[in-house]
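In what follows, a single structure is set out as structure tokens and then discussed.
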Amino acid sequence: MSPDTLLRLQVSDLAFLAPELTLVIAAVVFSLVDLLMPRSFNRSAIGWLTIVALAGSAAFVALQLGVDQPVSLLNQSYRVDDFALVLKLLFLAGTAIAVLISLGMKKEDLGGEDIGEYYYFYLPATLGAMVVASSADLIMLFVGLELLSITTYVMVGMRKRVSVSSEGAFKYIVMGGISSAFILYGMSFLYGLTGSTNLLEINAALRESGIDQFAALLYVAFFLMLTGIGFKIAAAPFHSWAPDVYQGAATPVAAYLAVVSKAAGFALLFRLFYTGFFQVGSAKYPLHDDVFLTLAVLAAAAMIVGNAMALRQQNVKRLLALSGVANAGYLLVPIVAQVGLFHVSGYAELVYYMIAYLFMNMGAFAALAIVSRASGHDDMRGFAGLYHRAPATAFAIVLIVLSLAGIPVTGGFFGKLFILLGAVEMKLFWLALVMIVTSVVSFYYYFGLIRQMFMRSGSEESPIRVTPALGVALWMSAAAGVLLGFFPGPVLNGLERLFRFSTDFFA
Amino acid sequence: MQTYFENPLSWTGFFTMLAVGVLMLLIVLGFVTYAIYFERKVIGYMQLRPGPNRTGPFGLLQSVADVTKLLIKEDTIPSKADRALFILAPAIAFVPSFAVIATLPYTSNLYAADLNVGLLYYGALTSISTLGIVLGGWASNNKYSLLGGMRSAAQMISYEVPLILSMVGVIMLSGSLNLRTIVEGQAGWIWNWNIFPQIIAFGVFVIAAISELNRTPFDLPEAESELVAGYHVEYSGFRFAFFMLAEYVYVYAIAALTTVLFLGGWHAPAPFLTFIPELIWFLLKFSAVVFVLFWLRATMPRIRIDQLMGLAWKYLLPIALVNIFLTALVKELLK
Amino acid sequence: MTVDLASSYLTLAAILFCIGLFGALTKRNAVIVLLSIELMLNAVNLNLVALSKYGVVPSLTGQIFSLFTITVAAAEAAIGVAILIALFRNRGTSDVKDMNEMKR
Amino acid sequence: MLDNIPILSLIVFAPLLGVLALLFVPKENGRLIRWIGIGTTFLPLLLAGWLYASFDLAGEGTQFAESMRWIAVSLNSELLEQLGSVETYRVQFDYALAADGISLPLVFLTAFVATMAAFASVHIKKRFKTYFILFLLLETGMLGVFLARDLFLFFLFFEITLVPMFFLIGIYGLYEREKAANRFLVYNGLGSALMLVAFLILIATAGMSVDGASFIYSGSYDVIFKNMHDAASFSNMGPEFAQNFPNPFFLTEGNRTFVFFLLLIAFGIKLPIFPFHTWMLRVHTEAPPSIVMIHSGVLLKMGAYGLLKFGVFLFPNEAKQWAVLIAILGVVNILYGAALAFVQKEFKLVLAYSSISHMGIVLLAVAAMNGIGVQGAVFQMISHGLISALMFLIVGSLYERTSSTLLSSMGGFAKSMPFMSGMLLVAGMASLGLPGLSGFVSEFLAFLSLFDEMPIVTAVGCLGIILAAVYVLRGVLGITFGAATEASLTYKDARWVEAVPMIALAAFIFLIGIYPAVLSEPLQTTIGGLEQLLTGSEANGGG
Amino acid sequence: MNNYVLVAIFVALGVFLPVAALTLGRLLRPHKPTAQKQTTYESGNDPVGSGQVRFNVRYYLFALMFVVFDVEAVFLYPWAVAYDKLGLFAVVEMLIFVLLLVIGLIYAWKKKVLKWTSI
């Protein structure tokens, strides 16, 4: 590949990169604002500006939605397709809510002195997630992933004076570093066997040449990458870091990790394994089937381990972390239930559940932010007697918890339902059973929150003050959960219309 | 030489190369011995005193005597020191300084290794010496040496950045990292020498290079007045000699590199002067650079440490960056 | 694939990777843990560079990839140490075994 | 006239009107809240009565059907482009309600028991507003379950009952209320989860129908029913399609058995069948009396109803094949419940185990797999619903006075509380199956139906009736005529707000006992078809 | 390839020299250690505490800055070599890249990282 044959970025292509560029420019400008403004300047403004920037970026994404023919930029390494665009909207929405939650919290619980940095760090992290969603090249995928990871390492460790924060951040960076190394190591083999880092070219090369010759290496590459991605999406058995890291992180950061970071991991997994390994294999080495069988096993493990471990948790952040592990399992199911006679990729199901998951998880963290602001800790008992102290908030939390538990009629329920339907269509009965039985187990700890709020009395009786930002975040999440429950049709139809497996992945 | 590079490796080739290596080693050692003598003389004359003149004719054997003294001096290792690292540190400081010599070209035909990434190789290896210095400071288990080592490392890495960035302009002009190609690009009249189109880079390079050498006015790591002797407080005998040796070998390397990068290497300043052998031109330029280094030592006072760091990051680095884009701009305009 | 040469590089890379992984998971000193991760990433670099020359289809891309890996590894190491310093200031130790403030 | 009014929707959602009204009442105004709560329950009751009255006894199949498309999600449009002839392919969940002969009496029972339980809620002492809101939500859920005509809607209403029950047990129950609520939630959640899997498998296979150029997956009971019983109806999708692909919507023999067992376990938990019954004991002892009335009177019937409607009607072959198993499970339930009821020291537990025993009779009737059996099962459901509601109503009233339900601490109430004692006797007699009361009819039908098929099993089951007589008499007689304590003489008899529902419940027990046709006639409309189904299914079987 | 053999020879010689010199030195020099000789030097006083004291975090910050800009150089070098073939757009791209890093520099400047306050 000589430099002359490179497909260079044209100025006209910049329009396609507008969402990303918005974030970059905003991050740069905000950092300068933060630097140059005097100490007396209220840094919350940067938080609001961050939301504005996210909204602007989302507007650009929304304008691009519905592309017939995906646009490939930067020598085929960056794709603007509906797969990516929808996920980008998801990332942006999740980030905006996380920032909103932050705005309702005390400065000391977030970044202390560095509150300005705290806010605008969300931008590069989200940018990384967006790059992951859009890239069709191993290098690009990796760079995006690392931009996201490294920024979040810092965000977790932002509260420098808090010992658990540093500890969580350190654990996170060690685990994140190891997982990056695994992903990279796997990618290096994939590259070596095909001579390209472009996913489409990799797929074509693997399909053309047949894999018998070096099947072992290919399997090694797959398992290495899977291990790494398993860490990133916190699926069991690679989840051990999650509870510690979430506990160490500030509440909105934990929410961000649980939603945006995880969703980006799924984008990576989806794109990498679908595009990379689609129809790759031979009679002797059915790689493609093995890949998805492995994912199924991983999904089952995540669901079982996540839910089982969450049963004993008293700390709500750790609980949500483990619930996130279980949810990673649920989210893997539609990826496993892939192409069949009457079923093409679980994209719509996956994204629908992701949307529901976004709102319910953000809502749960907003609730935690409200409660821990009043009680000063993250323990379950902080919720005790909430019904008496803030009935409306308690009601909103009930809606969110119902959605998390997957009780009808909520977004969480329909998300799981459609995932199950897909799995059943593909005759993955065992996986469907595991999924549903484990989600029943999850009732126990989700309803534990309800037990605390309605059936116990707390040490204090005074009403809890809910800051407007937190209130908005909470109610928005609760309302979205309910709306998704009553009207799942439009969203799902929209997703179904937008996503085309053949064009979004293979054009 | 060339034949040995192109043909498959044979034992003859290997031994030839070994011979070249040994020869270079001897030359470098000779250079160091007399560079020290030369330095003392230069500074002596500048300060209106004779300099060393007792040992041998004109004091020519002074350095030899000094080396001999170091060789037979008792070598103490502090009981609290980390023994393994303490022994290792001088070697780590010295080895890269000698290894970089391998890539320097002297004339169009006289060179050791012809690396296509010569400049990168130079940059990569020199930074290893920093490790030796930090290790030496750390292993001594002495407060002065630790601080000296840390300071030295901080200084060296700080100045390495402008040093490396200042070379980017030169690379852009020649389109290669190969030192010989860079010199080839400066043939012809004197204004083809990189020093003129890259005058900004040259300024940055020289300042950064002096600082890399830990020489006055940037010799803070060994600031006698506050840190006794810096990172090598605890070193004596020949171990100390190796730190010194590394320093002077770097003087050699930097002087040669400056010549190659900016002063046209072996090229004569004008085409009609090419009758003088290339090696002579090279040596002339080389000696001039070395002399300037010594001259500076005699002239300049030591700067303060806060000024030192500020200079690197606040002035040299931005200037080096600006230089890169100025070069790019000019190249685009001239296209 | 030029199997002979490549496989020796790949084996070396695999060994380095495993040493790094072992170190990252078992060492008590946090700095060594970070170094081990660097070792893993460098094993990957070795792999990439070797495969860019001896892979099935040799190409420069592997070397470009390794540049990015180096960059990312640097950033990761920098932040790792920064976090470690913050932790050390809070806790006064860099022993991984002491990082257990959050068990339940 | 009825054709124009969505009466079933009105029945189902009438309680929500009360919820809406309650939201605007300040929570301090306890009296008003109670009256709104009780008053609201009359709405569905009246509507259900009207429904019962206007039910066409001569008609076949379902009546008052309502249907509205709710969720339609198009699927895999990408594949369709390649298929060509198919234009849309979607999953469709309808809001579909309809009443048939089996659901009709159950709806009435639900509305009736709910009203009675609302009266019994006078025992609730705290957080009235929340209580009644939850109570009415629960009623909506229960009514919906019996009327839903779409698998998905059924599941939805089924789940909706879980949450209010959880709160009602957890907030208003006795000392171990949280544990009871948890048990309830997890067990029932598991049951409904398994049910969901079974439903989804059904939807994804037998739920397929072709409407012009549209492929539709739906949860419609009618579609699935048709497909399950008529293998050929799968091929109502165009012939060119059937040739090109193996039918992907085919349930293999193994799959059918698998789904059947999923359903058996799912509804078995709710029913509850023997090994899955522990949660129900806790609920019976810990929940407030009014809620136990609902629970024992209605919620347990949801399991039986589901088993009948989805287990037996959709899988007649499998049900027949495993009838012996079901019968044995029934007998185990009967004997186990009866035996343990005999040794309990707590009256509530006696009643709880008696419920298990009585539900065993339902199973037994179901196992018969004939018209009389189904009739017996429904009779038993209704009868037990009424009896246990009455029992727990009385127990609640007694508990309010005695603060204990230990058999040892109660006795000789006949003197101080003649009315309540009388009612207790009526309930007890009905429970042990005294002729002239509802229990007799149902038990008679149940045993009669099975006797032809499995005489030995039936005979063993009959033992349970004798045991029932023993434990009921032991409990009831002890309370009414046993040795009186000093305190028992000071208790006051029922207030009118307690007496009215007791009388009403007892009246229905008598009514069914004396004039069973009131129940059997609407039943016939559905069972007629079932007879045919069961006898004919062997010829058509194998889907 | 052979170029690197020569480089290796240079490295080997670089290693050989200290080893040889120090071994030779051992034969020549006296070796009479005393405890006094082997104490750590602290301007003639008895040493206090450990020599490996905690040093200022500032050094670390410089290391960080170095890493940032050294890695920048890794990208600048290939760019500079291939500069003639890349054209104006690559200049703009590199300008953006460098500007982002300069913002990092400004950040450090404003946060007083570059100001040397203590030892």
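This is a predicted model, so every value here is computed, not measured. So that the names make sense, note that chain A is the first sequence line, chain B the second, and so on, each numbered from 1.
More than 12 heavy-atom neighbours from other residues, nucleotides or ligands sit within 6.0 angstrom of CZ on E:Phe97. Around atom NZ of E:Lys111, more than 12 heavy atoms belonging to other residues, nucleotides or ligands sit under 6.0 Å away.
For residues 21-31 of chain C, every residue pair satisfying the salt bridge (Lys or Arg N to Asp or Glu O under 4.0 Å) rule, not counting sequence neighbours, is listed here: C:Arg28-C:Asp95.
When the heavy atoms of residues 16-32 of chain E are compared with those of chain C, none of the residues falls under 4.5 Å. Annotation: residues 69-78 of chain E contacts chain C through E:Val71, E:Val74, E:Phe75, E:Pro78 [non-hydrogen atoms, separation under 4.5 Å].
Scanning for side-chain contact (heavy atoms from CB on, under 4.5 Å) contacts around C:Ile19 gives C:Ile15, C:Leu39, with sequence neighbours left out.
Minimum interatomic distance between E:Tyr60 and C:Ile79 (heavy atoms only, all atoms of both residues): OH-N, 4.4 Å.
For C:Ile85, the part lying under 4.5 angstrom from a heavy atom of chain E is the side chain only.
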